[in-house]
Number of protein chains: 2
Amino acid sequence: MTVTFKDVKADLLDQIAQGVMPPGSLLPNETDLAARYGCARATVNRAMRELAEEGIVERKRKAGTRVRSAPIRQARFAIPVVREEIEAQGADYRYSLIQHRKQDVPDWLRARLSLRRGQKIVHVVCMHWADGVPYQHEDRWINPEVVPGVLRASFATSGPNEWLLAEVPFSNAEISFMAIEADQDLADHLDCAPGTALFRTERTTWLPDGPITLVRLTHRQGHRITTRY
Amino acid sequence: MTVTFKDVKADLLDQIAQGVMPPGSLLPNETDLAARYGCARATVNRAMRELAEEGIVERKRKAGTRVRSAPIRQARFAIPVVREEIEAQGADYRYSLIQHRKQDVPDWLRARLSLRRGQKIVHVVCMHWADGVPYQHEDRWINPEVVPGVLRASFATSGPNEWLLAEVPFSNAEISFMAIEADQDLADHLDCAPGTALFRTERTTWLPDGPITLVRLTHRQGHRITTRY
């Protein structure tokens with residue numbers, strides 16, 4: 001049976017977990033490990049690369065590879081499109097538009113996104129529903145200087161996130177998670193009491209040409225996001 | 001100059017971002033791409049593998065590789081040790097223990113972690129401070145059946161997370177982020193009003209032998225976590 005990089009990686013992880021290779025210890029070199037596992041050196045190399053990317057080991061060009069004393073663990077979260085998130089739960093998705101207008105850029109947003117003074121921006125506020133129950137409130141600003149097509153988009157029947165994905169399939173993004181207290185408007189839309197603690201995702205995306213969008217997604221009471229790593 | 005997998009990846013991303021290769025389109029095969037970029041096929045393969053891992057393209061064994069119509073974007077968050085998180089901000093770290101005892105497993109926790117009826121569990125509650133200001137409240141349960149050493153640990157001068165990292169450098173974990181409202185006890189410890197919306201991280205870790213720990217980390221008012229992807 002062929003030894004794969006996954007076998008090598010799993011075995012090294014076991015040895016680290018069981019303390020055979022304790023934090024700070026030096027791993028054997030790739031040639032020796034390849035001989036031990038009876039596999040190609042490239043196989044060992046790929047296993048080591050993944051362990052390094054996951055923060056388990058630390059590779060230094062001359063000093064070799066060591067088990068990290070405090071592994072830098074990373075959790076990955078999928079960033080879903082809300083329609084798919086709701087449908088994946090077996091619920092019916094519904095969209096509704098609350099507000100859509102072109103306006104002057106407010107000062108806080110101009111500062112935040114380094115926009116040009118006096119430029120226009122498109123502001124869209126909408127709701128996403130799961131089985132008729134409020135699921136997510138979306139408050140989004142879109143920069144027509146980078147995506148001019150937004151001036152012709154209506155957002156009457158589907159949300160700006162889906163429109164943007166079709167228009168700009170790939171962009172750089174910064175995402176934050178936080179807790180906020182519902183103001184009267186959010187409380188009305190999300191059907192909760194003012195002051196309720198709500199989970200919010202804030203995301204900015206941009207192309208080399210400039211910022212595309214800033215969005216605040218506020219989730220209904222009790223929402224949590226979960227992943228394994 | 002040698003063409004690296006990063007060059008190939010960046011160029012493919014540019015073409016996807018600019019719509020040269022729109023969502024759903026089929027990418028050239030690896031041999032053709034290697035010829036086009038003047039590099040080894042393994043170089044193209046690595047670039048393609050990363051694009052697939054990042055959810056930008058979709059590889060099917062016989063049908064080739066396509067640009068995803070809705071890229072599955074993933075955000076990665078580093079899971080820091082709180083001492084390092086605070087020190088990285090240039091602040092002084094201080095730890096204080098609130099409570100530490102061995103007790104019967106409460107029913108909710110036994111159900112949650114599939115523990116044995118009648119077993120004991122170690123419960124530790126402590127605070128982490130940044131420059132003398134409350135930073136994070138930690139409420140943690142540790143399973144002595146999987147990490148028996150916990151029965152001899154004191155947690156008087158440093159936190160259970162650091163102890164666990166030294167004892168069990170690597171484990172599987174499930175992590176959730178959510179918003180909660182401060183009860184009177186959390187409000188007292190985190191110096192905020194009862195009802196304040198607070199950001200909470202909940203994490204469970206386990207080894208093949210069983211669950212190690214469940215921890216609830218509640219952050220001071222205004223805390224957010226941010227990453228780029």
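To find a chain, count down the sequence lines: A is the first, B the second, and so on, and within it residues start at 1. Keep in mind that the numbers below use all heavy atoms, side chains included, and drop hydrogens, waters and symmetry copies. Owing to the predicted nature of the structure, the values given are computational and were not obtained by experimental measurement.
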Proximal component of [X], with respect to chain A [non-hydrogen, under 4.5 Å]:
X        : answer
B/Arg46  : side chain
B/Arg83  : neither
B/Glu162 : neither
B/Thr205 : neither

| task | Tell me, with the steps shown, if A/Ile56 and A/Arg68 meet side chain to side chain contact (heavy atoms under 4.5 Å, CB included). | result | CA-CA 6 Å; A/Ile56 312 292; A/Arg68 271 189 191 273; over 6 Å; no
Measure distances from [X] to the heavy atoms of chain B and classify the residue's part below 4.5 Å as side chain, backbone, both or neither.
X        : result
A/Ile225 : both
A/Ile180 : backbone
A/Arg203 : side chain

key: Leading residue by heavy atom contact count with chain A [cutoff under 4.5 Å; candidates B/Glu202, B/His223, B/Arg228]   =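 Result: the option with the highest number of such pairs is B/Arg228.
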| message | Can you tell me which of B/Leu198, B/Asp14, B/Thr227, B/Thr196 forms the most heavy-atom pairs within a distance under 4.5 Å of chain A? | response |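 Option with the greatest count: B/Thr227.
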Requested in this report: Give me the ring orientation class for A/Trp141 and A/Trp108: parallel if the planes are under 30° apart, tilted from 30 to 60°, perpendicular past 60°.
Outcome: perpendicular
- Message: Apply side chain to side chain contact (heavy atoms under 4.5 Å, CB included) to residues B/Arg224 and A/Phe177 and explain how you reach the verdict.
- Response: CA-CA 6 Å; B/Arg224 52 161 74 193; A/Phe177 297 132; over 6 Å; no
Note to self: Assess the residue pair B/Thr218 and B/Leu190 against the criterion (side chain to side chain contact (heavy atoms under 4.5 Å, CB included)); give the C-alpha distance rounded to whole Å, side-chain angles, the decisive distance to 0.1 Å, and a yes or no.
What the structure shows: CA-CA 9 Å; B/Thr218 310; B/Leu190 290 168; 4.0 Å; yes
Does a side chain donor of either A/Asp7 or A/Tyr37 reach within less than 3.5 Å of an acceptor in the other side chain?
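There is no such pair (donor and acceptor under 3.5 Å, judged by atom type) between the side chains of A/Asp7 and A/Tyr37.
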Nearest-0.5 Å distance, CE of residue B/Met127 to NE2 of residue B/His137: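 The NE2 atom of B/His137 is 7.0 Å from CE of B/Met127, to the nearest 0.5 Å.
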Run the side chain to side chain contact (heavy atoms under 4.5 Å, CB included) test on B/Glu84 and B/Tyr93 for me, step by step, so that the C-alpha distance in whole Å, both residues' side-chain angles and the decisive distance to 0.1 Å come before the verdict. CA-CA 9 Å; B/Glu84 290 167 11; B/Tyr93 171 76; over 6 Å; no
